Amino acid sequence: MSITSALFVFLGLVIFNVLGIILYHRYRLRKEQKLKANLRSELGRDFSHDFHDEVGSHLAKIIGMAGSLRLKLDAPDQIQYLDKIIQSAQSMFSGFGALVWSIQSEPISCQDVHLEISDFGNKLFDASPISFKASIEKGVVRYMYNTSVRDVTLSVKELITNALKHSQAKHITVDFTVLQDTLHIKVSDDGSGFSLTKIQSSGGLVNLKKRSERSDFAYTIESSKGSTFSLSIPIEHV
């Protein structure tokens, strides 16, 4: 190839790349404008619903089947890989849905949070012998501050997941009640309990403390016959 031909090829590649960059930035600009207008409302809501209906159910099945298979294995190396699969699937299941769901611009009601937790728990325990139930008192028409929805939801989901993995319980319940301007969420199990001293540095408790400080909600822990985590979240009238 001559120098002239090589130069033309080089210039052509440069022009092609410049046009590509321009088109890409125009595409990103249009996309960002559309997201700013819609993501926090219809897009966030619809995408969240799609996640729960499609991806969420499959992730829950993966978690359940991997957990059942783990109980039948004796090889430590295989168990180790299964634990990583379960942990990754649980992290995706717990985090992604709450993230997309909580960025809606509309106020999120206590009933919405209850339904989110109930749906998560029912799918998570689908292949488990443990009984799960999430209940809410009738007539609750109150709303959570959007800034705290994600941290509260993720905290409750992590507590439920930890109870599944460590409590050796037969029953796990989540109760929603409202007193004045506070939503109370109680996560209870009838398992073996734990030492409060030993769990002070555990990952789940560290995350709970961090989220409570960030989103301004309180929590208490009790463990005797089983365990109970009680969250108290400020709520609002809308």
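Values in this document were obtained by computation on a predicted structure and should not be read as measured data.
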Asker: Do His184 and Leu179 pass the side-chain contact (heavy atoms from CB on, under 4.5 Å) test, and can you show the C-alpha distance, the side-chain angles, and the key distance before you say yes or no?
Answerer: CA-CA 8 Å; His184 298 277; Leu179 181 62; 3.9 Å; yes
Asker: Measuring from atom CD1 of Ile185 to atom CG of Asp175, what distance do you get when rounded to the nearest 0.5 angstrom?
Answerer: 10.5 Å
Asker: Considering only heavy atoms from C-beta outward, does the side chain of Met144 approach that of Ile233 to under 4.5 Å?
Answerer: yes
Asker: Are any non-hydrogen side-chain atoms of Phe229 and Val156 less than 4.5 angstrom apart?
Answerer: no
Asker: In the structure I gave you, are the side-chain heavy atoms of Ile117 and Ile160 within less than 4.5 Å of one another anywhere?
Answerer: yes
Asker: Rounded to the nearest 0.5 Å, how far does CG of Leu159 lie from OG of Ser230?
Answerer: 10.0 Å
Asker: When you check the gap from the basic side-chain N to the acidic O, do Asp151 and Lys210 get nearer than 4.0 Å?
Answerer: no
Asker: Under the 3.5 angstrom rule, does the side chain of Ser227 hit a backbone N or O of Ser223 as a donor-acceptor pair?
Answerer: no
Asker: Using 0.5 Å steps for rounding, measure from the CG atom of Leu183 to the OG1 atom of Thr177.
Answerer: 7.0 Å
Asker: Checking the side chain of Asp119 only, and the main-chain atoms of Leu115 only, is there a donor and an acceptor separated by less than 3.5 Å?
Answerer: no
Asker: Determine whether the side chains of Asp112 and Ser109 contain a donor N or O and an acceptor N or O closer than 3.5 Å.
Answerer: yes
Asker: So does Lys170 get a backbone contact from the side chain of Asp190, meaning a donor-acceptor N/O pair under 3.5 Å?
Answerer: yes
Asker: Measure the shortest side-chain to side-chain distance between Leu205 and Ile221 over non-hydrogen atoms and say whether it is less than 4.5 angstrom.
Answerer: yes
Asker: Are more than 12 heavy atoms from other residues, nucleotides or ligands located less than 6.0 Å from atom CD of Glu137?
Answerer: yes
Asker: Walk me through whether Val152 and Phe217 qualify under side-chain contact (heavy atoms from CB on, under 4.5 Å).
Answerer: CA-CA 8 Å; Val152 170; Phe217 66 87; 3.8 Å; yes
Asker: Are Phe120 and Thr161 packed together at the side-chain level, in the sense that at least one heavy-atom pair is separated by less than 4.5 angstrom?
Answerer: yes
Asker: On a heavy-atom basis, which atom in Glu158 and which in Arg211 lie closest, and how many Å separate them?
Answerer: OE1-NH1, 2.9 Å
Asker: Could you tell me the separation between the CG atom of Leu208 and the CG atom of Leu231, rounded to the nearest 0.5 Å?
Answerer: 6.0 Å
Asker: For the salt bridge (charged side-chain N to carboxylate O under 4.0 Å, His left out) test, which of Lys123, Lys157, Arg150 pairs with Glu116?
Answerer: Lys157
Asker: Please work out whether the ring planes of His114 and Phe176 are parallel, tilted or perpendicular, with thresholds of 30° and 60°.
Answerer: perpendicular
Asker: Kindly compute the distance separating CG (Asp189) from NE2 (His171), expressed to the nearest 0.5 Å.
Answerer: 11.5 Å
Asker: Measuring from atom CD1 of Ile172 to atom CG of Leu124, what distance do you get when rounded to the nearest 0.5 angstrom?
Answerer: 8.5 Å
